[in-house]
Amino acid sequence: MQLKSLKSADLKNKTVIVRVDYNVPLDDKGEIYDDTRIIKSIPTIRYLLDQNTKIILVSHLGRPEGKAVDNLRLEITARKLSGLLNEQVLALHDCRGEEVERAVEGMEFQDIIMLENLRFCSEEEKNDPEFARQLAGLADVFINDAFGTIHRSHASTEGITHFLPSYAGLLLEKEIYALDQTINNPERPYIAIIGGAKISTKIKLIKKLADKVDYLLLGGALANTVCKAMGYKIGKSMIESDMLRVVDDIKSQINNKIKIPQDAVLGKDGVNQEDFRIANLDQINSEETIFDIGPETIKEYSQLIKKAKTIIWNGPMGKYEVVQYAGGTNAIARAVASSSGKSIIGGGETLEAVSRLDLINRIYFVSTGGGAMLKYIEGEKMPALEALKK
């Protein structure tokens with residue numbers, strides 16, 4: 001896809017509004033524990049500073065559902081960005097109105113301000129034209145650098161493009177280029193690893209990839225549904241019963257191109273997490289629950305990953321947030337990081353798991369969007385991208 005790049009725009013001495021994706025994960029204390037998305041936005045911000053612009057950053061955080069929520073204010077991301085840039089970033093307490101207008105009017109070139117969480121305003125997700133017009137009225141040019149939101153038709157992603165000259169940021173360009181290279185011209189062997197909870201959100205992707213890759217490795221709770229459809233007794237493991245019939249479409253490829261777990265780490269829901277065991281899929285009793293892929297599956301998947309020249313990974317292999325059930329996800333992360341092939345990972349949980357192991361720098365490309373990455377690979381139209389095409 002050919003996008004209008006910010007490097008093709010005349011930005012000198014302009015006021016620029018930049019849609020970034022600072023929807024970062026927060027811990028129980030409300031602190032950012034993974035700042036990857038903020039770090040990846042810095043090249044675009046640096047470029048705009050070099051162009052002597054006034055920079056207005058806009059983003060969302062969490063799902064406040066149209067109401068102000070104190071622990072979802074963007075002041076925390078402004079502080080983090082300020083430290084990373086070694087530049088002052090002024091966080092405002094609203095995303096529209098007199099306070100915002102006064103702050104913008106008082107800006108000098110190379111100043112950076114950050115508007116408040118856009119999703120505090122219900123008009124954002126409704127793609128309200130008036131709200132989009134208000135945002136556009138603050139600037140001369142719009143830059144979209146928020147790959148994670150390109151599949152959303154929101155006021156700050158699609159609506160605003162009707163009112164301002166609009167361009168893709170450096171990160172957005174990089175994301176699209178990396179995915180296009182993978183989709184259209186992958187080196188082989190080409191492997192996709194798909195995990196996570198729900199197969200209903202990924203069955204379209206699985207079908208699409210099954211026709212393109214050499215091997216498709218399934219894990220996480222979504223693999224439970226496939227295993228159930230294949231006739232395995234999986235105890236109390238999480239499945240989507242209404243998806244069992246849909247899985248019939250891929251049965252012929254299972255154990256050939258599509259790989260499912262051979263064994264699993266089992267536990268009993270609501271029982272001490274120390275009480276777990278490893279067993280083959282045909283040895284699961286009715287009271288047990290699958291929480292992770294087992295060692296034989298890890299061995300098989302890791303061997304395939306080692307030989308791969310192109311790897312896409314989205315979704316954990318199990319309940320990775322619990323140490324007893326993190327082994328599969330951690331092993332896959334290490335295998336992907338150790339591969340000599342080009343690896344692309346996406347999705348918040350996948351990114352978090354790799355970050356915990358300090359392996360981010362060993363991944364060829366880290367996508368900042370989970371849902372957006374999946375939708376793009378599926379070939380769906382991206383409303384926010386259409387307006388940025390040449």
Side-chain angles (χ1 to χ4, degrees), residues 24-25 27 33-34 36-37 191-199 201-202 205-206 209 213 215-227 234 237-239 258-267 269 273-274 276-281 284 288-306 308 311-339 341 343-371 373-374:
V24 293
D27 62 22
Y33 65 82
D34 185 352
T36 302
R37 285 176 171 167
I191 286 181
I193 309 157
I194 305 297
K198 294 184 177 181
I199 197 166
T201 62
K202 296 182 179 178
L205 173 74
I206 289 169
L209 287 173
V213 301
Y215 291 104
L216 179 55
L217 317 180
L218 299 183
L222 68 81
N224 298 344
T225 301
V226 180
C227 293
I234 57 171
S237 304
M238 173 182 167
I239 65 165
I258 299 176
K259 300 295 184 181
I260 60 174
Q262 303 175 42
D263 58 349
V265 181
L266 309 169
D269 239 349
Q273 289 169 353
E274 297 293 336
F276 66 93
R277 76 182 184 98
I278 296 166
N280 292 333
L281 283 192
I284 300 172
E288 292 179 311
T289 299
I290 297 172
F291 286 121
D292 194 14
I293 58 175
E296 290 303 314
T297 304
I298 290 171
K299 182 179 179 180
E300 180 188 23
Y301 285 10
S302 296
Q303 287 174 344
L304 291 171
I305 292 166
K306 184 177 181 180
I311 303 164
I312 289 179
W313 179 22
N314 182 287
M317 296 291 99
K319 196 171 183 178
Y320 73 103
E321 63 273 23
V322 177
V323 66
Q324 289 85 353
Y325 308 127
T329 300
N330 290 348
I332 295 303
R334 293 188 181 100
V336 171
S338 299
S339 170
S343 54
I344 297 179
I345 68 169
E349 292 179 324
T350 312
L351 183 58
E352 179 187 342
V354 174
S355 296
R356 283 183 179 183
L357 298 174
D358 197 25
L359 296 174
I360 286 291
N361 292 332
R362 293 171 62 184
I363 302 297
Y364 174 74
F365 189 79
V366 178
S367 176
T368 56
M373 173 181 162
L374 300 184

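For reference, positions follow the sequence shown, starting with 1. Computed over heavy atoms, backbone and side chain alike; hydrogens, waters and symmetry mates excluded.
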Heavy-atom pair of closest approach, residues [X] and [Y]:
X      : Y      : value
Ser339 : Gly341 : OG-N, 3.0 Å
Arg356 : Glu321 : NH1-CA, 3.8 Å
Ile278 : Pro295 : CG2-CD, 3.5 Å
Leu281 : Ala264 : CD2-CB, 4.4 Å
Ala308 : Ile311 : CB-CG1, 3.7 Å
Ser343 : Val336 : CB-CG1, 3.6 Å

Within a strict 4.5 Å, meaning less than it, do heavy atoms of the [X] and [Y] side chains meet?
X      : Y      : answer
Ile312 : Val213 : no
Ile305 : Ile193 : yes
Ile363 : Trp313 : no
Thr297 : Met317 : no
Leu351 : Ile360 : yes
Arg362 : Ser338 : yes

Can you measure from [atom1] ([X]) to [atom2] ([Y]) and round to the nearest 0.5 angstrom?
X      : Y      : atom1 : atom2 : answer
Glu300 : Tyr215 : CD    : OH    : 9.0 Å
Ile194 : Ile206 : CD1   : CD1   : 6.5 Å
Leu266 : Asn280 : CG    : CG    : 10.0 Å
Lys202 : Leu218 : NZ    : CG    : 10.0 Å
Thr225 : Ile199 : OG1   : CD1   : 6.0 Å
Ile284 : Cys227 : CD1   : SG    : 7.5 Å

**Prompt:** For Asp27, which residues count as a side-chain contact (heavy atoms from CB on, under 4.5 Å) partner, sequence neighbours excluded?
**Reply:**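 If we apply the side-chain contact (heavy atoms from CB on, under 4.5 Å) test to Asp27, skipping adjacent residues, the hits are Lys29, Glu31, Tyr33.
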
**Residues which pass side-chain contact (heavy atoms from CB on, under 4.5 Å) with Ser237, listed by chain and number, not counting sequence neighbours** = Asn224, Ile234, Thr289, Ile290

Side-chain ([X]) to main-chain ([Y]) donor-acceptor, under 3.5 angstrom:
X      : Y      : value
Arg37  : Val24  : no
Tyr301 : Lys259 : yes
Asp292 : Val265 : no

**Crowding at OH, Tyr364 (>12 non-hydrogen neighbours, <6.0 Å)** = no

**Message:** Against Phe291, only a single residue in Tyr320, Tyr325, Phe276 fulfils ring pair (Phe, Tyr, Trp, His ring centres under 6.0 Å); can you say which?
**Reply:** Tyr325

**Item:** Derivation and outcome, side-chain contact (heavy atoms from CB on, under 4.5 Å), residues Ile332 and Leu217
**Value:** CA-CA 11 Å; Ile332 295 303; Leu217 317 180; 5.8 Å; no

**Fill in**
residues 327-337 vs side-chain hydrogen bond (donor to acceptor under 3.5 Å, both in side chains), sequence neighbours excluded, gives none

